[in-house]
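Heads up, the thing below is written out as structure tokens.
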Amino acid sequence: MHRSYHEAINSKVVFQNNVISWFKNNKRILPWRDKRDKSNYPYRVMVSEFMLQQTVVKTVIPFFNKFIKKWHDLKSLSQASEEELLLHWQGLGYYSRARNLLKTAVIINENFDGIIPTNQEDLIKLPGIGSYASAAILAIAFNKPAVVIDGNIKRVISRYLGFQGTLEDNKNIIEEAANTLSVKKNNEYYSQGMMELGALICKPKSPLCSQCPVVKECVSYKLKIQDQVPEAKKRNKKKKLYCSSTLILDNNKNILLKKRETKILQDQWDLPSTEWKGEEIREVFKPFPQLDLEYEKSKELYNHIFSHIDLKTRVYFSKIKSKERKLNNDLYKWVSLKKINTYPTTLICRNILKNYNLI
DNA sequence: AATTCGGGGAT
DNA sequence: ATCCCAGAATT
């Protein structure tokens, strides 16, 4: 390890204090930091920690505000329906977080007397709460000592200590360093400060070292390798998948939706679709041969980009005079285009409907 | 240890 | 395009 590494570790108290005072002076106004409603503060922190997983602050804020308005406290959330929850999570992604948040609220309500646990062993057992979220809740909601490690903190530590290679390569030494640098007091400020530092100053690209409160002992800065540390992770190539969907519209502007039963986008309403496969389905997709509908096949493929999939959808458009009752059961539902906003629907479905100028 | 979960921001 | 995001659960 480079000599400056030991210097950086040795000045850890200065490092901690600089992070803390920087945070106190630079606090962004984020809704989950509002402590005015003291009794619900831990609940709000918990909700934010579910939403913030792999999601940038800016994206989360409007979802968080709507969510808290709808479910002000843990008790009301524990009584929510999953469909209603999915509707509020619509567009935020990683929908298992919503299901797990509801499960966790129910468990806390039933098994913990409605009080969010204040120890990591209990927290980490709750659905959707892992090593990061359990530590973050302890630190932020209760100002307890816990080693918080998220993507920002991994990057800050890697840069500060000059760990070359990918975050994955250095997983163990990053955790060790995070332990060494962690604080017992003021963890609320320290942990949020580290994350804010990563988000606002020690950014993935072009870090603002001139504004950094801990630049003085930063190993990467001394070696002028701050732009190469950490090394970017090579990502797997996206899968290209294809499917065919039907857009069936009646005279009263109702469309037929189907609830997805797959793991991805589970329980969300979608255009009735084929499986997603590696090559385009050539034969005409007629999901309801008994109705003998005439379909107009879309010329273009509608592309929907996931983080790990490029999905291309061929649309089969059909008009029908009135709702076909045979198709109304638990999985299929006729939905008025005006009321589509009251159902959790996939963005794929919504974007296709927009393209047809139906919504 | 790898992969699967979404969607969008930033560049 | 590419990388990343206050990661967790599953394979």
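Naming: A, B, ... by sequence-line order, numbering from 1 per chain.
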Q) Does any donor-acceptor pair link the side chain of Tyr94(A) with the base of dG6(B) at a separation under 3.5 Å? A) yes
(Q) Nearest to the side chain of Phe306(A), heavy atoms from C-beta on, is which of dA6(C), dG9(B), dG7(B)? (A) dG7(B)
Q.
Check Glu82(A) with Arg99(A), please: is the shortest side-chain N to carboxylate O separation under 4.0 Å?
A. yes
(Q) Strictly below 4.0 Å: does Arg235(A) bring a side-chain N or O up to OP1 or OP2 of dT2(C)? (A) no
**Q.** Check: Ser307(A) side chain, dG8(B) base, donor-acceptor under 3.5 Å
**A.** no
Q: Between Arg33(A) and Ile124(A), name the one whose nearest nucleotide on DNA chain C is closer to the 5' end.
A: Arg33(A)
(Q) Does dG7(B) have its OP1 or OP2 closer than 4.0 Å to a side-chain nitrogen or oxygen of His304(A)? (A) yes
Q. Counting only side-chain N and O atoms of Arg97(A), is one of them less than 4.0 Å from OP1 or OP2 of dG6(B)?
A. no
Q. Is Lys239(A) near enough to dT4(B) that one of its side-chain N or O atoms lies under 4.0 angstrom from OP1 or OP2?
A. yes
**Q.** Identified ring pair (Phe, Tyr, Trp, His ring centres under 6.0 Å) counterpart of His88(A) within the set Tyr95(A), Trp71(A), Phe63(A)
**A.** Trp71(A)
Q.
Does dA8(C) have OP1 or OP2 under 4.0 Å away from a side-chain N or O of Ser131(A)?
A. yes
Q: Answer yes or no: does a side-chain N or O of Gln53(A) lie under 4.0 Å from OP1 or OP2 of dG7(C)?
A: no
Q: Check whether any side-chain N or O of Asn236(A) sits under 4.0 Å from OP1 or OP2 of dT3(B), and answer yes or no.
A: yes
